[in-house]
Amino acid sequence: MQEKQSSREMLNYYLNKSYSDAIEGKKRGELVCWASSIAPCEFCETMGIHVLYPENHAAGIAARHGAEKMIQYAEGKGYSLDICSYARINLAYMDLQSCVAENIPLPDFVLVCNNICEVLIKWYENIAHELNIPFILIDTPYNYEDEVSERSIDYIVAQFEHAIEMMEEITGKKFDYERYDEVMKMALDSSYWWLKSMELAAAKPSPLKGFDIFNYMALIVCMRGKSGCRDTFKKLAEELQERIDNGIAAFKEGEKFRIMWDGIACWPYLSHNFKTLKAFGMNMTGSTYPTAWALNYKKGDLRTMAKAYTSIANNLSLNAQIDLRVGTVDTYHCEGVTYHMNRSCKTMDFLQHEMQQKVAERTGAPFISFDGDQSDPRNFSKAQFETRIQGLAEMMEQKQAQEEK
Amino acid sequence: MYTMGIDVGSASSKVVILTDGKDIKASQVIQAGTGSSGPARALDEVLKKSDLVLGDMDFVVATGYGRFTCDSARKQVSEISCHAKGIFYFIPTARTIIDIGGQDAKAIRIDEKGIVKQFFMNDKCAAGTGRFLEVMSKVLEVPLQEMGSYHDRAAEASSVSSTCTVFAESEVISQLSLGIPKENIIAGVHKSTANKACGLVSRAGVTEDIVMSGGVAQNPGVVKAISDELGKPVVVAPYPQTIGALGAALYAYEELIKTKE
Amino acid sequence: MNTIENIILQCKEATANPKKAIDDFYKETGKKSVGCFPLYCPEEIVHAAGMLPVGIWGGQVDLNMVRSILPAFACSIMQSVMEFQLQSVYDSLVAVIIPSPCDTLKAIGQKWSRENVPCIQFVPPHNRQLKAARVFLKEEYKAIRDKLEAIIGEAISDEAIQESIKVYNEHRQVMRKFANVAAKYPDIIDPVSRHEVMKSAFFMRKEKHTALVKALISELNTKEVKPWGGLKTVVSGIMLEPTSVIEVFKEFNIAITADDLAQESRQYRVDIPEGDDVFDAMAGMWQEMYGCSLAFETDKSRVKMLREMKEKYEADAVIICMMKFCDPEEFDYPIIKKEMEYHDIPLLQIEIDQQVQYVEQIRTRIQSFTEILQESK
């Protein structure tokens with residue numbers, strides 16, 4: 001790794017490394033774990049276990065236009081087209097073990113934290129059942145009230161302790177608490193620089209092309225406990241600061257509009273979506289991603305760690321989720337919001353109506369929603385997306401005109 | 001002895017008269033289905049053709065969506081069983097049946113005796129059915145019966161959604177306005193239909209010989225697309241539209257024999 | 001009318017008119033009712049307050065208002081429940097309790113408008129074999145009791161709950177017995193009647209239902225067991241409704257010999273264990289729960305359980321009643337399918353959609369399935 005490498009180059013280097021390390025490691029008989037995207041990485045990292053993230057993997061397959069084949073295989077096995085397309089792709093991969101992206105090794109155990117949704121539980125239940133492997137679950141009960149309850153934290157902490165026991169059993173090694181200390185420090189550092197670099201995107205004009213967040217995100221998912229992750233986001237923050245200092249904007253022609261994208265990306269259509277937004281002068285400066293991995297807790301304190309992991313956006317009450325989005329629109333100076341009605345993600349869709357109303361009320365920002373899917377290419381219509389984005393542009397245009405008066 | 005099979009579908013009515021459970025005396029298809037004058041007209045015309053009257057029929061079985069509204073039938077058998085029986089009559093080596101009708105699509109697995117072992121249906125959504133092709137035919141301004149001939153001229157199949165007819169329609173319109181050749185789009189539409197059908201087939205299990213029936217089987221483009229997707233040969237049953245009615249007539253004959261014993 | 005017909009009629013009436021059940025109960029006792037959402041709602045707490053726990057299972061209703069607040073791909077049951085709520089159907093309830101084991105119920109609990117009827121939401125833990133999960137759920141149940149007390153302005157003592165647990169455990173045992181006895185008399189207890197006996201439990205106090213079902217069992221046991229010429233099936237899923245779909249079973253002489261339905265036998269599978277601490281005991285029941293798509297188990301014991309049920313009751317087939325858009329159930333299906341195919345057990349899946357008016361498609365599937373089974377017999 002050379003000093004002069006850009007954050008982009010570092011991103012690609014470390015992402016590839018995370019895959020190749022796992023693939024090579026498996027050949028040497030080292031353990032591999034499949035984990036959900038916001039599962040506590042600290043324990044596996046401490047134990048030297050290679051962790052792979054099926055959500056990242058499925059997104060990569062979809063972005064490389066390999067999703068349909070996997071989805072058809074899964075549906076041929078009896079999986080309904082109603083369930084999450086990441087799950088359909090991954091469950092197909094589990095059988096086929098071949099895809100357009102990396103051919104990742106099968107896991108020796110799985111680690112799930114349902115802070116993003118309950119579907120993970122069923123998806124991984126099937127993986128663990130079919131492969132006959134251990135399932136380590138960190139159940140973060142949904143925070144239906146505006147505050148996280150003490151009983152919730154008690155329960156999560158007990159699960160952290162149980163997870164450590166299970167990993168000791170699986171690896172045959174004792175949990176190294178000193179190493180754990182180092183890992184936590186690194187994870188906290190990575191989260192810090194992730195959020196810091198994302199927050200720099202709030203500058204006007206933004207130094208970051210919003211859609212790049214979708215790319216950088218893969219690294220904060222899969223490598224929080226490693227120095228490469230921290231270093232990459234530190235570098236990104238430096239680059240962004242430099243651009244801000246030199247007045248270099250991401251859009252040379254200037255940002256006409258700054259919008260918030262609510263939901264997951266449409267991986268098979270990233271390029272189309274970006275071009276459409278750009279054609280209307282829109283930069284996506286806001287999203288729910290920055291806060292998702294801005295995990296902050298007191299090093300060594302399992303209670304604050306439990307609170308951090310359970311307080312992810314999807315796991316919060318409706319009121320708290322509204323507050324979060326209002327905060328994002330504010331922080332990133334967004335003038336409009338586009339809501340992704342993601343056919344594969346009921347969690348992010350079923351409160352959309354209430355959120356749209358309240359966020360619009362409190363921020364005054366116009367919004368639109370469009371039908372899409374995170375990774376099933378069949379659930380998207382380019383024409384619909386373009387029409388609706390144009391509608392949003394017109395609404396924001398009118399608003400700008402009115403404000404100038 | 002004469003037996004009759006009546007297949008009252010959503011989009012068409014078919015009748016077959018069988019002599020001694022072996023020879024097809026006459027058959028008729030009317031492009032009007034349940035709830036219309038179709039069934040009555042089909043019945044009328046097939047009797048005229050064969051120079052017989054309803055009273056000459058020793059047993060009548062009805063099948064299809066509208067089977068329970070058929071007064072002249074003594075028994076109702078599901079279209080799954082009737083399609084299986086009809087196809088097995090012509091092709092005793094058939095083991096996987098793909099039937100795509102006006103409003104539904106089915107994959108049926110049968111054994112060496114022609115008995116149905118498993119079936120999977122899509123009867124809730126237009127994608128992958130005759131209705132899907134109708135919609136596309138209108139948008140493309142190519143008559144349904146000509147769509148098949150365009151298929152072979154296609155350099156490649158364009159990408160058309162197989163989950164939602166409305167999305168697919170919008171895709172086809174976009175592609176037309178982008179100047180993509182019609183034959184490529186039609187190949188894409190056929191591929192999309194095949195996709196949906198093959199999803200059902202995979203659940204039922206694919207064993208040769210694979211035979212297609214139903215109105216859509218008359219579109220050689222769809223047949224080829226399915227064959228390409230499965231990587232196996234696909235045969236179209238003779239008289240694909242009247243297979244169900246034939247199966248019903250065969251069942252009628254079996255019932256007749258049973259009552260005589 | 002004989003006793004059996006009379007009892008079934010009472011069950012049918014209770015199920016057909018939940019509002020009447022609530023109003024009549026209020027007239028008789030001066031006590032209100034609490035709506036209990038699926039699944040495995042701690043009704044014992046409501047019962048201990050002397051109130052009527054009423055099942056909230058949606059129903060056949062034109063979906064109009066709900067369309068603007070919920071996308072079309074939410075499960076059928078929650079669609080109708082939300083529609084009913086928007087139509088103020090639930091306004092006479094003093095509160096609703098909403099368990100949230102799945103993503104849809106999590107959202108519904110938040111969407112529930114609290115203007116007229118307060119909502120008490122809670123989350124059953126997934127990591128059930130851990131002691132900490134039991135402690136967590138115990139605290140959740142306690143919180144439900146505290147919130148309900150605050151709403152009704154009356155205390156609900158641990159002792160009262162202990163008594164209610166006894167009533168509910170007795171009911172569970174009687175319902176398990178009913179399922180077994182009804183299996184022997186498909187000629188008397190047809191699929192529609194069976195469903196009505198099961199579902200009516202949600203619209204009257206459990207002690208009343210226990211008495212009815214006990215009487216029904218006694219009467220049945222005096223009848224001659226006749227051989228059944230039709231098919232025998234095990235049905236599995238969240239629920240088998242609406243009645244027009246169950247009528248199709250009846251039409252084709254298909255008996256429901258046993259069920260693994262969340263609305264019916266699943267909730268009676270496990271008794272609340274003995275214990276002085278009522279909330280700990282209630283939490284213990286969830287720990288011991290098995291064979292349900294909402295109860296996390298890497299064993300997926302439901303799969304083996306269905307096979308064993310088929311064998312035990314000498315059923316001809318297993319029928320999956322797939323609640324439209326239910327994620328947990330949809331994930332279980334391919335695993336069940338694989339197992340049934342491996343063991344050569346005929347399996348059919350039908351889609352459950354409460355809004356369905358015309359059952360032609362289901363009829364085709366069931367008729368075809370019947371034809372297949374009869375050919376192989």
Side-chain angles (χ1 to χ4, degrees), chain A residues 62-85 88-89 91-92 95-96 100 266-269 271-273 275-276 279 340-345 369-391, chain B residues 96 98 105 107 109 118-128 132 135 139 156-178 180 185 188-189 191-207 225-226 228-232:
Chain A
R64 275 166 256 200
H65 307 293
E68 214 165 327
K69 174 177 165 209
M70 319 289 283
I71 285 170
Q72 267 155 40
Y73 175 88
E75 290 171 10
K77 270 188 89 166
Y79 283 104
S80 169
L81 52 70
D82 177 50
I83 62 165
C84 169
S85 50
R88 276 177 279 151
I89 291 170
L91 289 164
D95 280 4
L96 300 170
V100 300
C266 297
W267 294 107
Y269 299 99
S271 174
H272 166 266
N273 291 358
K275 286 190 186 132
T276 307
H340 177 189
M341 177 60 78
N342 182 347
R343 183 61 183 84
S344 270
C345 188
S369 88
F370 68 92
D371 295 305
D373 194 291
Q374 63 214 37
S375 49
D376 185 341
R378 307 168 305 183
N379 287 337
F380 179 77
S381 158
K382 288 182 180 169
Q384 192 211 67
F385 183 78
E386 291 158 16
T387 305
R388 296 193 187 189
I389 292 295
Q390 182 165 23
Chain B
T96 308
I98 304 173
R109 186 157 53 86
Q118 264 270 42
F119 69 93
F120 288 94
M121 291 173 71
N122 160 40
D123 46 11
K124 275 268 167 162
C125 118
F132 180 80
V135 169
V139 172
E156 60 175 343
S158 71
S159 172
V160 177
S161 168
S162 58
T163 329
C164 171
T165 306
V166 174
F167 274 5
E169 190 179 348
S170 134
E171 273 173 331
V172 165
I173 292 171
S174 303
Q175 287 172 20
L176 277 173
S177 43
L178 285 169
I180 293 179
I185 302 177
V189 166
K191 188 159 184 237
S192 165
T193 310
N195 252 329
K196 211 60 191 173
C198 293
L200 295 170
V201 177
S202 306
R203 289 189 192 198
V206 193
T207 320
I226 292 179
D228 286 345
E229 175 131 356
L230 294 174
K232 293 186 156 76

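Numbers restart at 1 for each chain; the letters A, B, ... are given by sequence-line order, proteins then strands.
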query = Near A:K77 NZ, under 6.0 Å, is it more than 12 heavy atoms from other residues, nucleotides or ligands?
reply =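 Yes.
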inquiry  = A:Y269: which residues meet the ring-ring contact (aromatic ring centres under 6.0 Å, His included) condition with it, sequence neighbours left out?
reply    =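 For A:Y269 the ring-ring contact (aromatic ring centres under 6.0 Å, His included) partners, ignoring immediate neighbours, are A:F380.
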query = Do any of residues 371-379 of chain A come closer than 4.5 Å to chain B, heavy atom to heavy atom, and if so which ones, in number order?
reply =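 If one takes a 4.5 Å heavy-atom cut-off, the residues of residues 371-379 of chain A near chain B are A:D371, A:R378, A:N379.
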message = I need the minimum non-hydrogen distance between B:V160 and B:I185, along with the two atoms involved.
response =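 Where B:V160 meets B:I185 most closely, the heavy atoms are CG2-O, 4.3 Å.
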Part of B:E229 lying under 4.5 Å from any heavy atom of chain A =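 Contact with chain A is through the side chain of B:E229 alone.
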message = Tell me every residue that passes salt bridge (Lys or Arg N to Asp or Glu O under 4.0 Å) with A:R388, counting only those two or more places apart in sequence or in another chain.
response =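 Expected list: none.
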key: Residues in salt bridge (Lys or Arg N to Asp or Glu O under 4.0 Å) contact with B:K196, at least two apart in sequence or another chain   =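 Partners of B:K196 by the salt bridge (Lys or Arg N to Asp or Glu O under 4.0 Å) criterion come out as none, since no residue qualifies.
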query = Quick one: does B:R109's side chain have a donor or acceptor within less than 3.5 Å of a partner on B:A204's backbone?
reply =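 Confirmed, B:R109 side chain pairs with B:A204 backbone.
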